[in-house]
Amino acid sequence: NSLTLEPFINQQIRLISGYDYQQVIRANEQVNLLLNSFEVAQVGCNLRLAVGEKFARIFNRVIPNGIIRYPLVQARISYSANQRFTNQNFTKVDLQIDHQLRLKLAGELSYRIAASYVDPVAPYPFLINPKGNFSNNALTINAFGCFETMRFNEFLANRSIATLVYYDL
């Protein structure tokens, strides 16, 4: 069994360019600030649970070999404190379950269930942006973990649940 718990602390600066989004901060009755960059300090924890995971030893490193009989569960929770002009602190929670079933003489079935939640007060660049790879061109690339009927940056949300299923013969 493999249970990994990793605490983290970091600082992120995100600048929005190419979009018309600006957050309005009221400094006082006569002055409004328009922000397109956001600086936050984050503290949180990553959790990874892989029951029955096998490992391979290569030189001095021990790495997982990717074969797991049971679902792989990953979770991340973080608390972010906004450091510029505002006290809009927010929490983000992510949960993801991946599983791969090898069917005798029938191929391989993989699925992923992912759920995320962000406090609604989070600034634009910290919201959930599902991966999409739709294109009007003749060349369309299929990629596991992407919504093939959704364009890049088409949706933003503060709550999201997604189920992805992939079958390979």
Side-chain angles (χ1 to χ4, degrees), residues 1-16 21 23 35 37-104 107-133 141-148 150 152-168:
N1 295 343
S2 174
L3 175 65
T4 307
L5 189 65
E6 292 179 343
F8 65 87
I9 298 174
N10 66 31
Q11 181 178 10
Q12 293 185 24
I13 299 173
R14 297 198 185 174
L15 175 65
I16 300 172
Y21 175 84
Q23 186 174 8
L35 300 179
S37 71
F38 303 91
E39 183 175 351
V40 299
Q42 282 189 329
V43 61
C45 188
N46 294 324
L47 172 81
R48 182 178 187 274
L49 175 62
V51 177
E53 185 173 40
K54 306 273 189 217
F55 293 93
R57 181 178 298 276
I58 299 175
F59 301 110
N60 290 340
R61 298 181 65 194
V62 177
I63 59 172
N65 70 0
I67 300 171
I68 304 173
R69 290 182 53 196
Y70 302 100
L72 169 66
V73 179
Q74 299 177 83
R76 176 183 178 109
I77 184 166
S78 64
Y79 176 77
S80 300
N82 202 335
Q83 296 182 316
R84 288 191 182 169
F85 307 111
T86 177
N87 59 356
Q88 290 180 333
N89 304 332
F90 58 94
T91 302
K92 183 173 184 177
V93 179
D94 296 309
L95 175 66
Q96 181 171 304
I97 300 171
D98 290 302
H99 196 198
Q100 190 173 29
L101 299 168
R102 291 193 170 95
L103 309 170
K104 292 182 181 181
E108 192 172 279
L109 176 69
S110 301
Y111 68 87
R112 172 179 292 163
I113 301 169
S116 297
Y117 174 80
V118 182
D119 286 336
V121 297
Y124 167 83
F126 296 97
L127 293 174
I128 301 160
N129 184 2
K131 297 175 187 168
N133 65 348
I141 298 173
N142 298 333
F144 182 73
C146 292
F147 295 98
E148 295 178 10
M150 185 173 73
F152 297 107
N153 300 320
E154 188 171 354
F155 293 105
L156 286 173
N158 72 321
R159 301 183 289 245
S160 172
I161 295 177
T163 303
L164 303 163
V165 179
Y166 178 76
Y167 178 74
D168 188 16

Are there over 12 heavy-atom neighbours, none belonging to [X], within less than 6.0 Å of that residue's [atom1]?
| X | atom1 | result |
| --- | --- | --- |
| Leu103 | CG | yes |
| Leu109 | CG | yes |
| Phe8 | CZ | yes |

Main-chain N/O of Leu72 paired to Asp98 side chain as donor or acceptor, under 3.5 Å | no

Once rounded to the nearest 0.5 Å, what's the spacing between atom [atom1] of [X] and atom [atom2] of [Y]?
| X | Y | atom1 | atom2 | answer |
| --- | --- | --- | --- | --- |
| Asn46 | Thr4 | CG | OG1 | 10.0 Å |
| Gln74 | Ile97 | CD | CD1 | 10.5 Å |
| Asp94 | Ser160 | CG | OG | 9.0 Å |
| Lys92 | Ile128 | NZ | CD1 | 6.0 Å |
| Arg69 | Leu101 | CZ | CG | 11.5 Å |
| Asp168 | Arg102 | CG | CZ | 10.5 Å |

Set of side chain to side chain donor-acceptor pair (under 3.5 Å) partners for Tyr79, sequence neighbours left out = Asn89

Under 30°, 30 to 60°, or over 60°: which ring-plane class applies to Phe126 and Phe90, parallel, tilted or perpendicular?
-> tilted

Quick one: do Tyr166 and Leu164 satisfy side-chain contact (heavy atoms from CB on, under 4.5 Å)? Show the steps, please.
-> CA-CA 7 Å; Tyr166 178 76; Leu164 303 163; over 6 Å; no

Do Val165 and Tyr167 have side chains that get closer than 4.5 Å, going by heavy atoms?
-> no

Between Asn158 and Asp119, the two heavy atoms sitting closest are ND2-C, 4.5 Å

What is the minimum heavy-atom distance between Ser110 and Gln100, and which atoms define it?
-> OG-CG, 3.6 Å

Quick one: list whatever passes salt bridge (Lys or Arg N to Asp or Glu O under 4.0 Å) with Arg76, sequence neighbours left out.
-> none

